[in-house]
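Side-chain atoms are counted along with the backbone in the values below, which use heavy atoms only and exclude waters and symmetry mates.
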Amino acid sequence: VGPLTRELSADPRNLLQLPDGRSPVVEYFGNRVVPYTLLTDPSIPVNRYRFEALRYVAQRLQALPAAVRNRIVAVTLAGEVHQMFPDFENGMGDHAAQVTTDYSPASVEGFRAFLAKRYGSLQALNAQLGSAFTSFPEIQAPARDAR
């Protein structure tokens, strides 16, 4: 809540998008939940704040006495993902309609770059998948319900 949230949510680079291009903004206990991108690109404005917060947490953890640090097994960064469960605000959401990733243009391009790096060439990708893609931009990120 506040001016920073309004500023960040006004920039589409900061937002997670569903396969249909929408950003699933929901209300939770009267508060707007903004679904920020899952991309880790440091040039995305929201990530400046994320990375600053992570550095702060790491510094605070490092400053703990060794005996305390040695008891820490893990730190989770996942947070809550209300926006991935449609109608969450009315009883834990519609689990049958959940969407579990980001389909923003940058994320889809990242998926294509991942495939190009992993397979090295379109020919190798087509051979592995039994597909007939003629270019990487032709490839769409998977958007079906994998369940």
Side-chain angles (χ1 to χ4, degrees), residues 1-62 69 71-147:
V1 176
L4 179 59
T5 301
R6 285 190 295 277
E7 176 186 331
L8 292 172
S9 63
D11 185 341
R13 294 175 299 166
N14 294 322
L15 301 177
L16 174 143
Q17 291 180 13
L18 299 177
D20 64 7
R22 290 181 308 112
S23 291
V25 177
V26 297
E27 295 282 324
Y28 185 62
F29 290 108
N31 294 301
R32 186 169 174 246
V33 178
V34 179
Y36 294 121
T37 181
L38 300 178
L39 293 169
T40 57
D41 179 346
S43 72
I44 297 172
V46 71
N47 287 341
R48 282 195 347 248
Y49 297 99
R50 285 176 163 163
F51 297 161
E52 181 180 330
L54 288 172
R55 284 189 291 274
Y56 178 76
V57 169
Q59 289 169 356
R60 295 298 303 248
L61 290 172
Q62 191 61 34
R69 279 196 324 268
R71 292 193 317 247
I72 297 172
V73 176
V75 176
T76 181
L77 302 175
E80 296 184 21
V81 289
H82 304 109
Q83 72 277 3
M84 305 241 180
F85 298 91
D87 201 33
F88 185 86
E89 60 275 18
N90 290 313
M92 299 307 286
D94 179 355
H95 290 266
Q98 66 184 342
V99 178
T100 56
T101 196
D102 180 2
Y103 293 91
S104 64
S107 290
V108 172
E109 192 53 45
F111 173 70
R112 292 175 182 140
F114 160 78
L115 292 175
K117 182 177 180 182
R118 180 166 186 183
Y119 292 99
S121 72
L122 202 53
Q123 293 76 19
L125 173 84
N126 283 330
Q128 179 68 34
L129 299 180
S131 54
F133 294 113
T134 58
S135 69
F136 280 101
E138 179 185 347
I139 300 171
Q140 297 301 309
R144 292 184 305 199
D145 184 344
R147 296 167 290 156

For [X], give me all partners under side-chain contact (heavy atoms from CB on, under 4.5 Å), at least two apart in sequence or on another chain.
X      : answer
Ala53  : none
Arg71  : Val68
Val75  : Leu61, Ile72, Leu77
Pro105 : Gln17

Kindly write out the residues that satisfy side-chain hydrogen bond (donor to acceptor under 3.5 Å, both in side chains) with [X], not counting sequence neighbours, or none if the list is empty.
X      : result
Ser135 : none
Asn14  : none
Gln128 : none
Arg55  : none

Of all the heavy-atom pairs spanning [X] and [Y], show the shortest one and how long it is.
X      : Y      : value
Phe51  : Thr40  : CZ-O, 3.2 Å
Ser9   : Val34  : CB-CG1, 3.8 Å
Phe136 : Ser121 : CZ-C, 4.0 Å
Asn47  : Pro42  : CB-CA, 4.5 Å

Does some side-chain heavy atom of Leu8 sit less than 4.5 Å from a side-chain heavy atom of Pro45? yes
CG on Leu38 to OH on Tyr103, rounded to 0.5 Å: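 The OH atom of Tyr103 sits 10.5 Å away from the CG atom of Leu38.
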Report the distance from atom NZ of Lys117 to atom CZ of Phe114, rounding to the nearest 0.5 Å.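 Separation between the atoms: 9.5 Å.
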Passes side chain to side chain contact (heavy atoms under 4.5 Å, CB included), Leu125 versus Ile139? Steps please. CA-CA 11 Å; Leu125 173 84; Ile139 300 171; 3.4 Å; yes
Please tabulate, for side-chain N and O atoms in residues 19-26, each donor-acceptor pair with protein atoms closer than 3.5 Å (sequence neighbours left out).
{"residue": "Asp20", "atom": "OD1", "partner": "Arg22", "partner atom": "N", "Å": "2.9"}
{"residue": "Asp20", "atom": "OD1", "partner": "Arg22", "partner atom": "NE", "Å": "3.4"}
{"residue": "Asp20", "atom": "OD2", "partner": "Arg22", "partner atom": "NE", "Å": "2.8"}
{"residue": "Ser23", "atom": "OG", "partner": "Leu16", "partner atom": "O", "Å": "2.9"}

Pairing residues for [X] by the salt bridge (charged side-chain N to carboxylate O under 4.0 Å, His left out) criterion, not counting sequence neighbours:
X      : value
Arg13  : Asp11
Asp41  : none
Glu109 : Arg112

